[in-house]
Amino acid sequence: MLATRLQPMPHAPHPRRTSRWLIALILVVTIVACLWYPVYAHLRAVAVLLRIQSSQAHGFIAGIGIHPITTEDSTFASDTRRLRTRLYLPTDLKRAPAMVIVHGVHHLGYDEPRMVRFAKAMAGSGLVVATPELPEIAGYEITPVSIGEIAAAADDLSSRMNTPCVGVLGLSFAGGLALEAASDPTTSQHICYVVAVGAHDDMARVMKFFATDEAVYPDGHAEPMVSHEYGALVAIYSHLDEYFPPKDVPAAREAVKAQLFEETPKAREIAMVMSPQGQATMKMLLSNDLAATKAILLASLEKHRGEMDAVSPASQLYRIHVPVMLLHGAGDNVVPPSETLWLAKDIPAQYLRGVLVSRVISHVELGDNATFTEKLKLVHFVEQMLAMAQDGPRNAVELRLGD
């Protein structure tokens, strides 16, 4: 009889060993899952920054988290008139949060190339973006009427989206005006949050900066900084009757406007019809020799204190009740970076979500003169801003595009 050869049974996995491998696998998957979204969110912020910097940005990083968009021109109603607005819409999303982006002081308004890049980049990140055109700001005038019109733009986008509120991002002086709109209970109903980039806190202090080339900080110290001639020209443009003889004021208005529009030959031609006194003043302005003009500007500050207070958020910020993020270029010589530190001081701490003064940006545009750490801080700020925006209410119905 042949002996039956029994095959050894394979060893069953030890229960403890299996348990350890399973726990390790779960732990690895959990860690990867926890780390992936923060990494993705910061890469998406890099993509947005790349697209703000250049409309030609492409490649793997520039495409992370970016949605295709389309644009639609429309109008909306303020208290006294209809204004133009442009909508930037992600085409592959049925529901999205929304943001109003308000241009700075520039004659191209919502067509200004940096503004267009900014709006496209933000819309590409998954937001419905509206860019209203505000005539006074585009015309180099900072007046209270723009505060109400920023609020009206938020009301309009909120209505189109059928959401309770939308975010508002203001560039340069529009940032300060947006903060005023958000601080007033009569104009803030449809504003979820504010992002202010290169904004002012006190217009009189900014005008004094234009006149003295010194930026005053909240701790009381002052730092020398040569102000941009553009700033002084904007201040002069508001009160030409204080710089030119009465009969020269109409021509001076056209000449200074041409200079602000970067049309210097046209400004020189217009100046030819002025009186000798007017021509001398205009020659000084066109040569950027603003020493005498700055002295007049400094002397006139108190005279115009009331109108400057009306467009300064400083005294109103105690009433703000929505989250705020503040970003400023360290080398900004139009609105000095000290203004953002004043804003941070005046905004109630519970609503201040982020403050960054960065060498990566100048006034409202990106630059390259910064360390890796500084660039990383800007990426983190943008990531936080996008997260705040994405947490906003999303449209519950199809977006209404018509006027």
Are there more than 12 heavy atoms of other residues, nucleotides or ligands under 6.0 Å from atom [atom1] of [X]?
X    : atom1 : value
Q189 : CD    : yes
E262 : CD    : no
D92  : CG    : yes

Give, for atom [atom1] of [X] and atom [atom2] of [Y], the distance between the pair rounded to the nearest 0.5 Å.
X    : Y    : atom1 : atom2 : value
L301 : M207 : CG    : CE    : 8.5 Å
E269 : E263 : CD    : CD    : 11.0 Å
T143 : L134 : OG1   : CG    : 9.5 Å
I150 : L179 : CD1   : CG    : 9.0 Å
W342 : I347 : CH2   : CD1   : 14.0 Å
R84  : S74  : CZ    : OG    : 11.5 Å

Would you mind reporting whether [Y] and [X] have side-chain heavy atoms less than 4.5 Å apart?
X    : Y    : value
I142 : S238 : no
L260 : H107 : no
I61  : I64  : yes
I191 : V100 : no
R160 : V128 : no
M282 : Q279 : no
L87  : L157 : yes
V216 : S338 : no

Please check this pair: side chain of [X] against backbone of [Y], looking for a donor-acceptor N/O pair closer than 3.5 Å.
X    : Y    : value
S287 : K283 : yes
E133 : Y110 : yes
T85  : T75  : no
S159 : D155 : no
T187 : A181 : yes

List for me each residue that meets side-chain hydrogen bond (donor to acceptor under 3.5 Å, both in side chains) alongside [X], sequence neighbours excluded, and say none if there are none.
X    : value
R86  : D73, D111
E180 : none
E112 : R114
S54  : none

Between V335 and H328, does a side-chain contact (heavy atoms from CB on, under 4.5 Å) hold up when you go through it step by step? CA-CA 9 Å; V335 179; H328 216 117; 3.8 Å; yes
Under the side-chain contact (heavy atoms from CB on, under 4.5 Å) test, which residues partner A280, sequence neighbours left out? none
Mind checking side-chain contact (heavy atoms from CB on, under 4.5 Å) for R81 and listing every partner two or more places apart, or none if nothing turns up? S78, L83, P135, E136, V145, E149
Assess the residue pair L378 and L356 against the criterion (side-chain contact (heavy atoms from CB on, under 4.5 Å)); give the C-alpha distance rounded to whole Å, side-chain angles, the decisive distance to 0.1 Å, and a yes or no. CA-CA 8 Å; L378 179 60; L356 179 63; 4.1 Å; yes
Derivation and outcome, side-chain contact (heavy atoms from CB on, under 4.5 Å), residues H42 and V46: CA-CA 6 Å; H42 283 79; V46 172; 5.8 Å; no
Among residues at least two apart in sequence or on other chains, which ones pass salt bridge (Lys or Arg N to Asp or Glu O under 4.0 Å) with [X]?
X    : answer
E214 : none
R51  : none
D213 : K294

When you look at M274 and F244, which way does the side-chain contact (heavy atoms from CB on, under 4.5 Å) test go after all the steps? CA-CA 9 Å; M274 296 181 188; F244 292 89; 4.1 Å; yes
Restricting to non-hydrogen atoms, name the atom on [X] and the atom on [Y] that form the minimum distance, rounded to 0.1 Å.
X    : Y    : result
P337 : V357 : CB-CG1, 3.8 Å
L343 : L326 : CB-CD1, 3.8 Å
A310 : P144 : CB-CG, 3.8 Å
A123 : V129 : N-CG2, 3.7 Å
A174 : I137 : CB-CD1, 4.2 Å
E339 : D202 : OE1-N, 2.9 Å

Can you pull the disulfide (SG to SG under 2.5 Å) pairs that have at least one residue in residues 180-211, sequence neighbours excluded? C165-C192
Do we get R253 above Y237's six-membered ring, with its NZ or CZ under 6.0 Å from the centre and within 45° of the axis? yes
Sequence neighbours excluded - side-chain hydrogen bond (donor to acceptor under 3.5 Å, both in side chains) pairs with any residue from residues 305-316: H239-E307, E302-R305, H304-E307, Q316-R319
Any pair counted as ring-ring contact (aromatic ring centres under 6.0 Å, His included), so long as it reaches residues 181-210, sequence neighbours left out: F173-H200
We want to know whether Q259 and T264 form a side-chain donor-acceptor pair, criterion being a heavy-atom distance below 3.5 angstrom. yes
Parallel, tilted or perpendicular for H228 and Y230, by the 30°/60° rule? perpendicular
